[in-house]
Structures are given as structure tokens and as C-alpha cells.
Colleague: 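Have a look at this one before I ask anything.
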Amino acid sequence: MGSTVALITNATIEPLYAARLRSTLAPLGKRLIQIVLPDGEAHKHWETLNLIFTKLLAERADRKTTLIALGGGVVGDITGFAAACYMRGVPFIQVPTTLLAQVDSSVGGKTGINHPLGKNMIGAFHQPQAVIADTAVLRTLPARELAAGLAEVIKAGAIADTVFFDWIETHIDALNRGDETATIEAVRRSCEIKAQVVAADEREQGRRALLNFGHTFGHAIEAGLGYGRWLHGEAVGCGMVMAATLSQQLGLIDSATRTRLKRLIAAAHLPTQAPILGSDRYLELMRVDKKTEAEHINCILLKRLGEALVMRVTDHTLRAVLTASTQSDTAAEKPNT
Ligand SMILES: NC(=O)c1ccc[n+]([C@@H]2O[C@H](COP(=O)([O-])OP(=O)(O)OC[C@H]3O[C@@H](n4cnc5c(N)ncnc54)[C@H](O)[C@@H]3O)[C@@H](O)[C@H]2O)c1
Ligand SMILES: O=C(O)C(=O)C[C@@H](O)[C@H](O)[C@H](O)COP(=O)(O)O
Ligand SMILES: [Zn+2]
């Protein structure tokens, strides 16, 4: 580690947890630069990234400076990308403070920012030196943000581990109320699953794409409504229901499996009915996805709970799912019966 550390956080987290982190760092005797970003997904863009570069340059941060991301996925993704770019790459550490960041975004080295035309479209793979998660900080997390984090926990079970999926079903009430023992187990197993997938395919040449279950639809919802209107986890929760509907339409899963996933997502207080954007707009947004190849949309589908696969899907099939998913629940069930 060099002689300087840059603590990067946001205006909500700084008064809650920055002093504690500063006092932990104090015995190391490093020069500390603190950068406080504006809060929210709507600020996960180029201008916010540039605030970091400007401050690091103005403070003469050298190429051995370690950046520390103290916050949720937004702070983590921007800080990681700043670390990947600043002086062509400096080390960084993730200190995730949301459930979503502790179970998913702090692990695996995907960093980046949004573009008005697409979610996370500008970024880099850059692994953190360490991830330090303390579940005690989740006590101050708003309930809506806790639910958003559960979406990525459910995703991990749905794509990779049926035993974990069963466990989430059994413990959903405990997870909803932030029970410490259940939360620690959810963080532990989600990180274990993610780390295994990333270790096998760090740069998403294959299996890592499965971690994108629910995201082709979800990212379209986030970008289509305007970043920050629906939380990432909310959009992913709804996106997983849409992907399950698609899986059923393609004959991969039965109606009972789709219903089981949908029930769990609803039990985690996440939306299951998609916002109306129009099928044309959805398809336009879904095509702006890193899995798209020569304009063809690739989706992550379920084979069963605990197993997923990537498949190219025609616009025709997607239109049917989009229509069903934005109508009433009864209508959404229709194509599947
Ligand atoms: N890199 C990846 O692999 C990856 C994976 C999943 C999601 N993401 C990204 O993560 C982002 C979503 O992250 P998020 O859900 O953590 O949202 P977020 O970073 O916006 O944090 C949610 C809100 O909670 C506040 N907050 C954070 N910690 C708190 C605490 N302990 N107490 C009280 N308030 C607290 C934040 O200030 C913010 O207002 C999205 O941009 C998504 O694309 C990235
Ligand atoms: O780590 C991954 O790989 C994921 O897909 C995890 C997702 O939960 C996360 O939202 C990720 O940022 C989405 O990746 P993207 O490549 O579609 O931007
Ligand atoms: Zn995600």
C-alpha cells in the first residue's frame, strides 16, 4: 500500500460510517483524501466519475494510492472504475454498506457507470484487493433497499443452488426483518456462489453471464423509467419473473416453477409486474445489453430452480412475454397454461 488512501463515499453514508473507517485507518499513518459523491443511481455517470479524478489529481494522489469504496453498489461501481482508470490502474478496496453490495456488487470486479443509452455500458473489469463487509451497518438501511438486496440473493439461489433457494423460501420472513443470523448466511452463500462463478469465468466469456438472470429485462426497466425510479434490485426482481415467464413459454420450466419464483420475489416485497413502456421500447432498450450479438438478444433462462442457461430469443417471442408481463397477473399466466 502506498502512502495515500482515498476514502470515497456518498453524502448519506459519510455522516453514518466514515468517521469509524477513518479511525480504523488512522493507526496506519497514511495521508487520507476524502471524496463525498452525490447519492443515487442517477449520479452513476461520467460527471461523478470525473469529480473523483479531479480531486485525486488536485491532491497529487500517486499511482500507489489505494481507493476505498464505502457505500452501496453505486459508490462501489464508480470507485472501482475510477481505480481501473486513474493513472491506468490503482488498487481499491470495497467496504459495502448495502445488502445488495454485500451479496453481489462488491465481489467479482465488474466496475462502471451508466450511459443515458444503457445501463453499465462504460466500465472495466478490475478486482478489489479486499472486500470487507460488516452486516451491522445494514441496521440503518431503509426497508426498500433491503428488499432490493434480496433480489440478488434470490437470483443466486435460482441460477445455481436449489438447496439455497429452498433455504431462502424458509427464511424469507427473517430476511425481510433483517435478522442477523439469516442475513449473515445469505451474504455468505451469495458471495460463495458468485465467487465460484467469477473464478471460473472472470471476463464473462461464458458461465458468468448466468449472473445476469433477470437483468436483460431489469436494465431495460431502469433505463426506460429513468435511472433511480426503480431500484436496481426491484428491476431485477421483476426481470426475473419476466425471464421465468419466457422460460415457461419456451417449454423449459413448468407453471409451478415460475409461480414458486414469483411468490418468493413477492414475499421479498419486490415488484412482479412490469411497468408499461411498450414492447418496441422494451426491445430497443433490451438490445443495448452487453450480451447482445449482432442485434440478437440473448437472455438468461431457467432450466429449473438452481440451474440456468443463456439462449438467443427472437423478438416475436419476447413481444409475447412483454405483453403478458405488463398486463394483469391472470393475463400473465395465460401464455403459460
Ligand atoms: N458490479 C456488480 O457486480 C454489480 C452487481 C449488482 C449491482 N450493481 C450495481 O449496484 C447498484 C445498486 O447498488 P445498491 O442497491 O447498493 O444501491 P446504492 O448504492 O444506490 O445504495 C442504496 C441507498 O442506500 C444508501 N445506503 C447505503 N448504505 C447504507 C446504510 N448502511 N445505511 C443507510 N443507507 C445506506 C445509499 O446512500 C443509497 O441511497 C446499481 O448501480 C447496480 O447496477 C453492480
Ligand atoms: O457480476 C456479474 O457478472 C453480474 O451480472 C452481477 C449483476 O448483479 C450486476 O448487476 C452486474 O453489474 C450486471 O452486469 P452487466 O454486465 O449486465 O452490466
Ligand atoms: Zn444486479
Side-chain angles (χ1 to χ4, degrees), residues 103-104 108 150-170 172 186 189-221 233 235-268 270 272 274 282 286 289-293 296-322 324-325 329 332-337:
V103 300
D104 190 345
L150 289 175
E152 303 279 19
V153 176
I154 294 169
K155 176 195 78 178
I159 62 162
D161 183 352
T162 181
V163 175
F164 186 45
F165 190 89
D166 293 348
W167 179 90
I168 303 164
E169 281 184 325
T170 312
I172 192 64
R189 185 60 188 138
S190 302
C191 288
E192 198 169 61
I193 290 169
K194 180 156 186 183
Q196 273 168 2
V197 173
V198 174
D201 177 27
E202 188 181 1
R203 302 253 159 170
E204 201 170 314
Q205 300 301 300
R207 188 170 164 66
R208 183 164 185 169
L210 304 183
L211 295 170
N212 238 236
F213 179 52
H215 286 65
T216 314
F217 293 105
H219 282 173
I221 292 171
V236 169
C238 183
M240 288 192 285
V241 177
M242 296 165 88
T245 304
L246 179 57
S247 308
Q248 189 187 343
Q249 284 214 354
L250 292 169
L252 292 165
I253 58 169
D254 59 15
S255 139
T257 304
R258 173 187 172 275
T259 302
R260 212 177 136 194
L261 177 65
K262 185 177 172 186
R263 280 215 184 105
L264 183 56
I265 289 166
L270 292 161
T272 57
Y282 263 109
M286 287 171 72
D289 180 89
K290 290 170 229 74
K291 301 186 298 305
T292 295
E293 293 169 307
H296 295 292
I297 296 175
N298 288 310
C299 287
I300 312 305
L301 302 171
L302 280 188
K303 241 187 195 170
R304 60 179 179 87
L305 285 170
E307 195 175 350
L309 76 167
V310 191
M311 198 186 274
R312 179 172 292 184
V313 187
T314 65
D315 285 12
H316 179 74
T317 305
L318 286 168
R319 275 183 200 283
V321 171
L322 290 165
S325 302
D329 201 41
E333 300 291 342
K334 259 187 199 156
N336 314 314
T337 49

Colleague: So, are Glu169 and Arg263 salt-bridged, with charged N and O less than 4.0 Å apart?
Modeller: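 No.
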
Colleague: Say whether Thr257 and Arg304, considering side chains only, have a donor N or O and an acceptor N or O under 3.5 Å apart.
Modeller: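 No - no donor-acceptor pair under 3.5 Å links their side chains.
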
Colleague: Please step through salt bridge (charged side-chain N to carboxylate O under 4.0 Å, His left out) for the pair Asp166 and Arg260, ending with a clear verdict.
Modeller: CA-CA 10 Å; Asp166 293 348; Arg260 212 177 136 194; 2.6 Å; yes

Colleague: Evaluate the criterion side-chain contact (heavy atoms from CB on, under 4.5 Å) for residue pair Ile172 and Leu264; output intermediate values, then yes/no.
Modeller: CA-CA 8 Å; Ile172 192 64; Leu264 183 56; 4.1 Å; yes

Colleague: Where do Phe213 and Ala158 come nearest, in terms of heavy atoms and distance?
Modeller: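 It is CE2-CB, 4.0 Å.
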
Colleague: Thr317 and Leu246: side-chain contact (heavy atoms from CB on, under 4.5 Å), yes or no, with the steps?
Modeller: CA-CA 8 Å; Thr317 305; Leu246 179 57; 3.6 Å; yes

Colleague: Please check if the side chain of Thr162 supplies one atom and the backbone of Gly306 the other of a donor-acceptor pair under 3.5 Å.
Modeller: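 No, Thr162 side chain to Gly306 backbone: no donor-acceptor pair under 3.5 Å.
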
Colleague: Under the criterion side-chain contact (heavy atoms from CB on, under 4.5 Å), I'd like the reasoning laid out for Leu211 against Lys194: C-alpha separation, chi angles, the key distance, then a yes or no.
Modeller: CA-CA 8 Å; Leu211 295 170; Lys194 180 156 186 183; 4.1 Å; yes

Colleague: Between the side chain of Arg208 and the main-chain N/O of Val198, is any donor-acceptor distance below 3.5 Å?
Modeller: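 No, because the side chain of Arg208 does not come within donor-acceptor range (under 3.5 Å) of the backbone of Val198.
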
Colleague: The test is side-chain contact (heavy atoms from CB on, under 4.5 Å); show your working for Leu261 and Leu302 and say whether it passes.
Modeller: CA-CA 10 Å; Leu261 177 65; Leu302 280 188; 4.1 Å; yes

Colleague: Using modelled atom types and a 3.5 Å cut-off, is there a donor and acceptor pairing between side-chain atoms of Asp201 and backbone atoms of Gly206?
Modeller: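 A pair under 3.5 Å: yes.
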
Colleague: Kindly compute the distance separating NZ (Lys155) from CD1 (Ile193), expressed to the nearest 0.5 Å.
Modeller: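 Rounded to the nearest 0.5 Å, the NZ-CD1 separation comes to 10.0 Å.
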
Colleague: Mind telling me whether Phe164 and Trp167 have parallel, tilted or perpendicular rings, with 30° and 60° as the class edges?
Modeller: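 Trp167 vs Phe164 ring planes: parallel.
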
